[in-house]
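Please read all numbers here as calculations on a predicted model, not as lab measurements. Within every chain, numbering begins at 1; the chains are lettered A, B, ... in the order of the sequence lines, protein sequences first and strands thereafter.
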Amino acid sequence: MRNVLAILIPAGAFSRTEAETITAGKSLAAQLGADLSVGILGPSDDSFARECFAFGAKSLTRVEGLAAYQSEAYSAAAQQIAASVAADVILFPSTTYGLEIAPGVGYRLGAAVILDCVGLIGDSSGNLTITKPVYGGKANSELIARQGPVVIAMRMRSVAPGEKQDGATGEINTIPAPALSPRTQILEHTTEDTGSGPKLEDARVIISGGRGLGNKENFVHLEELARLLGGSVGASRAACDQGWVPATLQIGQTGKKVAPDLYLAVGISGASQHLVGIAGARHIVAINKDAKAPIFQVAALGVVDEWQALLPKLVVALTEHKARNS
Amino acid sequence: MLHLVVCLKQILDPEIPPADFKLDPSAQRAAPTASLVASIFDENALEIALQLREKVGDARITAISLGPPSAVDVLRKALSMRADDAILIREEDFPGIDAHGCARVLAAAIRKLPPADLILCGRETGDWHGGLVAAFLAAEFDRPYTNFVAGITKEGDHFHLRRQTEDGWEIVRSAAPAVITVTNDDHNLPRIPKVKDNMMAFRKQIPAWTASDLGLVPASVAGPNSKLEQSRLYVPVVDRKCEIITGDNAEAKARQLVERLAALQVI
Ligand SMILES: Cc1cc2nc3c(=O)[nH]c(=O)nc-3n(C[C@H](O)[C@H](O)[C@H](O)COP(=O)(O)OP(=O)(O)OC[C@H]3O[C@@H](n4cnc5c(N)ncnc54)[C@H](O)[C@@H]3O)c2cc1C
Ligand SMILES: Nc1ncnc2c1ncn2[C@@H]1O[C@H](COP(=O)(O)O)[C@@H](O)[C@H]1O
């Protein structure tokens, strides 16, 4: 018999990240014939708890007196929660903080640890089948965990949040924060200005630029398009590495995972590590001067041209289209 | 003097086009269809170690790699970027090693060196993307661990780590000794070695430590990840057809594209 625990590290109000982690835990627990416990690290209010129950938590543990994120304090609290509910399958969110503490918690619990997974299935004898993309998304590795504790982080946007049952309730437990003297301290947190659009993770439209843009200034063309379409600007690693846009705009294996309705890739070749980040996009559209660029293998629509020629005309055509339809 | 240890792994070039990617007939790993390179974030890690040495002046950098004999190439590259020392650990001595084992072997090697003030790893390798070894090393040594660092300064007896988050940056003050993983940003692109440094690196002796040099019995280093069984490794099929928008000029293509986008109901 397995006990499934989903660890949440709220960054404010209940968000899609929490919904995804709970949903993954809930369906796994159902397959294993178990119930889902949720552990909340950091401050949270009653409405947060109600959301946890609505998404399928059966019980919930809070840690009293656990302030803002600190890796050692949060790790110790996660271990205490795991012990208190005798969890042997522990899910973490694939956020910066989640990925920071999951491996160490697993290490100290003697657990197998697998991060950045996209598939998770359990069976009635307690075996887990875990799918993890490898080789930059060029292959999938399917792993079987038979016995013993397991720590898993699901890739963001690889789980569609399940149906909510508003009004569902469950047991709430509280444990005290572990006493320790932490060796790290977050001195300051700076939010990067990433333009006027919605958060990349939530954007319905993303206009993304790569090395083909050539320089920082050329990103204004993408911003113009994004404004016109109510979207946000994203980028490939190559564009971020050049310093053309902040690293927070990077989409891909080691950047954001996004799921817009429209993903317009401009001057992006479509390396597998980039495509990994847009697997959840509904329609990919590519503008690239090289007809052989791999991005065209995943795009629904493609234009083979220099962006310098196409984008100004696209702005005009879109503006006209908007005028006709308003 | 600060002692900085950078861990580098040699992997198949991750940037080959998907068409060139093949699985080994064992179907347990990729076929060697690409050249071997240093895993990309490991070079970012070495770069910020070099930058830290430039800032503090008195620091020594040791590059270590657990790998096959070919991994000396990665270490030579590290030396040519101006790491001070390089050590290869013979991977053949540890067949089928998992992430726990890797951390234990690296830890055993690091314990033989002068005490390390900072251990730097990549945020994840470009082949298996484990994202585990650095955190396991920190647990082995019971040292503070910070991930996704892109720049470091030394402030008194602490490090100030510029760490990337979802929405920006944090400055994390960390006690030393510490373990970190490194992510890319525009300030830590690996430098290009100078020709004279390439020649110097070529002449340098790189010791290859064995399991017995480290006092390790190979079977005893394996951890819980070695119990995971890879039941399948496969290339996922993408079956999408791309409609290429045609037209005599950019304007015609743009109009056509807008029409198609409207039909998809995304604008
Ligand atoms: C472990 C690992 C993790 C990684 N993580 C990520 C990640 O998270 N995100 C990511 O993006 N990458 C990631 N990468 C890097 C990835 O492999 C590629 O190097 C990167 O995505 C390439 O970016 P790009 O497409 O902008 O550049 P390039 O591959 O150089 O492509 C530029 C494209 O622009 C086109 N172009 C040039 N000029 C024009 C023009 N005038 N008009 C139209 N088109 C033009 C060219 O034809 C070309 O196709 C990772 C790599 C590794 C090894
Ligand atoms: N065989 C190895 N030799 C040296 N360093 C390694 C090795 N494997 C992993 N590392 C380091 O640990 C980081 C993360 O690896 P992983 O946990 O396997 O994704 C890498 O980027 C390296 O810095």
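Considering only heavy atoms from C-beta on, D127(B) stays 4.5 Å or farther from V134(A) through its side chain. The shortest side-chain heavy-atom distance between Q297(A) and V238(B) does not fall under the 4.5 Å cut-off. Contact annotation: the side chain of H189(A) approaches that of D167(B) to within less than 4.5 Å [non-hydrogen atoms, C-beta and beyond].
Of the charged side-chain nitrogens involved, none lies within less than 4.0 Å of a carboxylate oxygen, so that K138(A) and D20(B) do not count as a salt-bridged pair.
With values rounded to the nearest 0.5 angstrom, T184(A) atom OG1 is found 12.5 Å from I180(B) atom CD1. In this structure, OG in S141(A) is found 13.5 Å from CZ in R29(B), a value given to the nearest 0.5 Å. Residue L187(A) holds its CG atom at 9.0 Å from CD of E155(B), rounded to the nearest 0.5 Å. Distance CD1/I186(A) to CD/E170(B): 4.0 Å, rounded to 0.5 Å. Remark: Y135(A) OH to I16(B) CD1 distance equals 10.0 Å, nearest 0.5 Å. From D261(A), atom CG reaches atom CG of L261(B) across 12.0 Å, with rounding to the nearest 0.5 Å.
Among H187(B), E140(B), Q265(B), the residue with the largest count of heavy-atom pairs under 4.5 Å with chain A is E140(B). Contact count versus chain B (heavy atoms, under 4.5 Å) is highest, among L314(A), L128(A), V315(A), for L314(A). Ranked by heavy-atom pairs under 4.5 Å with chain A, the first of H158(B), Q28(B), Q164(B) is Q164(B). Of the listed residues (H283(A), K199(A), E320(A), Q250(A)), the greatest number of heavy-atom pairs within a distance under 4.5 Å of chain B belongs to H283(A). The greatest number of non-hydrogen atom pairs below 4.5 Å with chain B, out of G243(A), G270(A), P133(A), is found for G243(A). Top candidate by heavy-atom pairs under 4.5 Å with chain A, chosen from F148(B), F159(B), W128(B), is W128(B). By number of non-hydrogen pairs under 4.5 angstrom with chain B, the leading residue of K132(A), E306(A), R108(A) is K132(A). Options Q147(A), Q242(A), R146(A) differ in how many heavy-atom pairs under 4.5 Å they form with chain B, and the most are formed by R146(A). Note: A247(A) leads A247(A), G106(A), S71(A), P246(A) in heavy-atom pairs under 4.5 Å with chain B. Put simply, of R163(B), K241(B), K227(B), the one with the most heavy-atom pairs under 4.5 Å next to chain A is R163(B). Contacts with chain A were tallied for S231(B), A252(B), P17(B), P14(B); S231(B) has the most, counting heavy-atom pairs under 4.5 Å. Among V172(B), D186(B), I171(B), the residue with the largest count of heavy-atom pairs under 4.5 Å with chain A is I171(B).
Of the atoms belonging to A138(B), not a single heavy atom falls under 4.5 Å from chain A. Neither the backbone nor the side chain of P312(A) comes within less than 4.5 Å of any heavy atom in chain B. For chain B, no part of S269(A) is nearby; none of its heavy atoms comes within less than 4.5 Å. Heavy atoms closer than 4.5 Å to chain B are found in the side chain of Y69(A), but not in its backbone. For a residue to count as touching a neighbouring chain, one of its non-hydrogen atoms must lie under 4.5 Å from one of that chain's; by this rule T146(B) touches chain A with backbone and side chain alike. For L249(A), no part lies under 4.5 angstrom from a heavy atom of chain B. Heavy atoms of T254(A) lying under 4.5 Å from chain B belong to its backbone as well as its side chain. With a 4.5 angstrom heavy-atom cutoff, D116(A) does not touch chain B via any of its atoms. For N44(B), the part sitting under 4.5 Å from any heavy atom of chain A is the side chain, from C-beta outward, and nothing else. Interface remark: V304(A) contributes backbone and side-chain atoms alike to the contact with chain B (heavy atom separation under 4.5 Å). For a residue to count as touching a neighbouring chain, one of its non-hydrogen atoms must lie under 4.5 Å from one of that chain's; by this rule K322(A) does not touch chain B. With a 4.5 angstrom heavy-atom cutoff, L228(A) does not touch chain B via any of its atoms. Within the 4.5 angstrom heavy-atom criterion, only backbone atoms of A300(A) (N, CA, C, O) approach chain B. Contacts of A145(A) with chain B are made by both backbone and side-chain atoms, with heavy-atom separations under 4.5 Å. With a 4.5 angstrom heavy-atom cutoff, L99(A) touches chain B via backbone and side-chain atoms both. With a threshold of 4.5 angstrom between heavy atoms, L189(B) approaches chain A through side-chain atoms but not through N, CA, C or O.
Of the possible polar contacts, none joining the R237(A) side chain to the N184(B) backbone as a donor-acceptor pair under 3.5 Å is found. Looking only at distances, a side-chain donor or acceptor of R240(B) sits under 3.5 Å from a matching main-chain atom of V298(A). Although no hydrogens or angles enter the test, the distance criterion places no donor-acceptor pair under 3.5 Å between the side chain of Q253(A) and the main chain of H129(B). A donor-acceptor distance shorter than 3.5 angstrom exists from the side chain of N225(B) to the backbone of V113(A), with no hydrogens or angles considered.
Around NZ of K292(A), the count of heavy atoms belonging to other residues, nucleotides or ligands within 6.0 Å does not exceed 12. A 6.0 Å sphere centred on CG of N325(A) holds more than 12 heavy atoms belonging to other residues, nucleotides or ligands. By the 6.0 Å contact criterion, NZ on K257(A) is enclosed, its count of non-hydrogen atoms from other residues, nucleotides or ligands being greater than 12.
Contact record, R260(B) with L301(A): CB-CD1, 3.8 Å, taken as the closest heavy-atom pair. Minimum heavy-atom separation, P236(B) to G137(A): CG-O, 4.4 Å. The two atoms that bring A317(A) and V258(B) nearest to each other are CB-CG2, 3.6 Å, heavy atoms only. Looking at every heavy atom in both residues, A139(A) comes nearest to L23(B) through CB-CD2, 4.4 Å. Counting all heavy atoms, side chain and backbone alike, C242(B) lies closest to G302(A) at SG-N, 3.6 Å. Counting all heavy atoms, side chain and backbone alike, A262(B) lies closest to H321(A) at CB-CE1, 3.6 Å.
Between H100(B) and Y107(A), the angle of the ring planes stays under 30°, which puts this pair in the parallel group of the 30/60° scheme.
Residues E166(B) and T96(A) bring a donor and an acceptor atom of their side chains to less than 3.5 Å of each other.
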| said: Is there a side-chain contact (heavy atoms from CB on, under 4.5 Å) between R183(A) and D142(B)? Walk through the geometry before answering. | reply: CA-CA 11 Å; R183(A) 294 169 291 185; D142(B) 187 23; 3.1 Å; yes

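The residue from I245(B), L257(B), V266(B) that alone fulfils the side chain to side chain contact (heavy atoms under 4.5 Å, CB included) condition with V285(A) is L257(B).
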